[in-house]
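Each chain gets a letter, A, B and so on, in the order its sequence line appears, and its residues count up from 1.
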Amino acid sequence: MSASGYFVPEHDFFARSAVEIAPLLLGARLTHETDAGTVVLRLTEVEAYLGNGSDPGSHAYRGRTRRNGVMFDEPGHVYVYFTYGMHVCANLVCSPPGTASAVLLRAAEVMEGLPLAQARRGEAPPRDLARGPARLTVAAGIRLDENGSDALATPFGLELAARPPAGLTGPRVGVSGAGGGEAYPWRFWIAGDPAVSVYRAATTRGARRLRTPPPSRG
DNA sequence: TTCCTGATTGACT
DNA sequence: GTCAATCAGGAAG
């Protein structure tokens with residue numbers, strides 16, 4: 001442990017439940033390096049997703065696919081996925097190989113590399129640049145083709161807070177169906193931190209579609 | 001093969 | 001508050 005109050009974990013650190021690890025990631029420093037420069041984020045909000053078919057909200061619930069394969073591999077690696085046709089989100093893989101649990105990085109504050117993050121995301125205060133899982137990957141410059149990378153090796157880097165800040169828990173954001181709601185209170189965020197995303201309940205396209213009635217012939 | 005949904009965001013009313 | 005954008009995965013036929 002360094003005098004700065006941060007320490008670099010071993011891969012073994014991640015070989016346990018995502019629910020156990022998620023709160024320990026609050027306040028951690030995540031580094032990502034590209035040709036354009038380096039951005040350092042301070043994690044303010046995460047969500048845990050479990051494997052072994054125990055979590056209906058998890059991508060791994062129905063077993064291994066081409067997309068979620070990294071979740072089933074080595075803990076301490078990065079699972080990056082593409083969603084909604086345009087967004088990229090990043091997770092840290094947890095638990096022993098074959099378990100497929102992970103922690104979604106939902107929000108962070110930009111600590112270093114502010115000009116670079118602003119070049120990617122537009123002018124905004126550091127607290128807003130990475131507030132949201134897809135915003136976070138854009139601000140840090142994390143790309144889909146980095147899926148499966150080691151979170152503890154270049155171009156990534158991770159330093160955990162020796163004393164993680166006080167966190168709160170609640171239902172996961174945007175998770176519909178059985179995996180959502182109070183039954184799975186696996187969202188963790190830093191109490192009172194402005195760089196935490198806004199809670200939105202899950203929405204379904206079907207509900208929207210019903211709002212557009214077919215043309216009447218009356 | 002077709003159709004629907006989704007661990008989201010930003011623009012618009 | 002409401003809704004479109006846009007594509008991969010998964011269920012159903």
Distance in angstrom units between Leu129(A) CG and dT8(B) C1', rounded: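 After rounding, the gap between these two atoms is 17 Å.
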
Can you tell me how far C1' of dG10(C) sits from NE2 of His59(A), to the nearest Å? 12 Å

Determine, using ring centers only, whether Tyr49(A) and His59(A) are less than 6.0 Å apart. no

State whether the distance check finds a donor on one side and an acceptor on the other, under 3.5 Å, for side chain Arg131(A) versus base dG10(B). no

Does any N or O donor sit under 3.5 Å from an N or O acceptor when you compare the side chain of Tyr81(A) with the base of dA8(C)?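 No, no donor-acceptor pair under 3.5 Å.
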
Check: Val80(A) and Val88(A) side chains under 4.5 Å, non-hydrogen atoms: yes

So, does [X] get its side chain near the phosphate of [N], meaning an N or O under 4.0 Å from OP1 or OP2?
X	N	value
Thr83(A)	dA8(C)	no
Arg62(A)	dA11(C)	yes
Arg200(A)	dA7(B)	no
Arg121(A)	dT9(B)	no

Complement of dA7(B), any strand, by Watson-Crick or G-U distances under 3.5 angstrom: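 Here dA7(B) is not engaged in any pair, so there is no nucleotide opposite it.
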
Which nucleotide, in any strand shown, forms a Watson-Crick or G-U wobble pair with dT6(C), with both distances under 3.5 Å?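 dT6(C) is paired with nothing.
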
Can you check whether Tyr49(A) stacks with the dA7(B) base, using ring centres under 5.5 Å and planes within 30°?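 Tyr49(A) ring centre within cut-off of dA7(B) base, planes near parallel; stacks.
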
Between dG1(C) and dA7(B), how far is it from one C1' atom to the other, in whole Å? 23 Å

side-chain contact (heavy atoms from CB on, under 4.5 Å) between Leu105(A) and Val46(A), intermediate numbers included: CA-CA 5 Å; Leu105(A) 308 181; Val46(A) 297; 4.3 Å; yes

I want to check a possible cation-pi pair here: Arg187(A) against Tyr184(A), using under 6.0 Å from ring centre and within 45° of the ring axis as the test. no

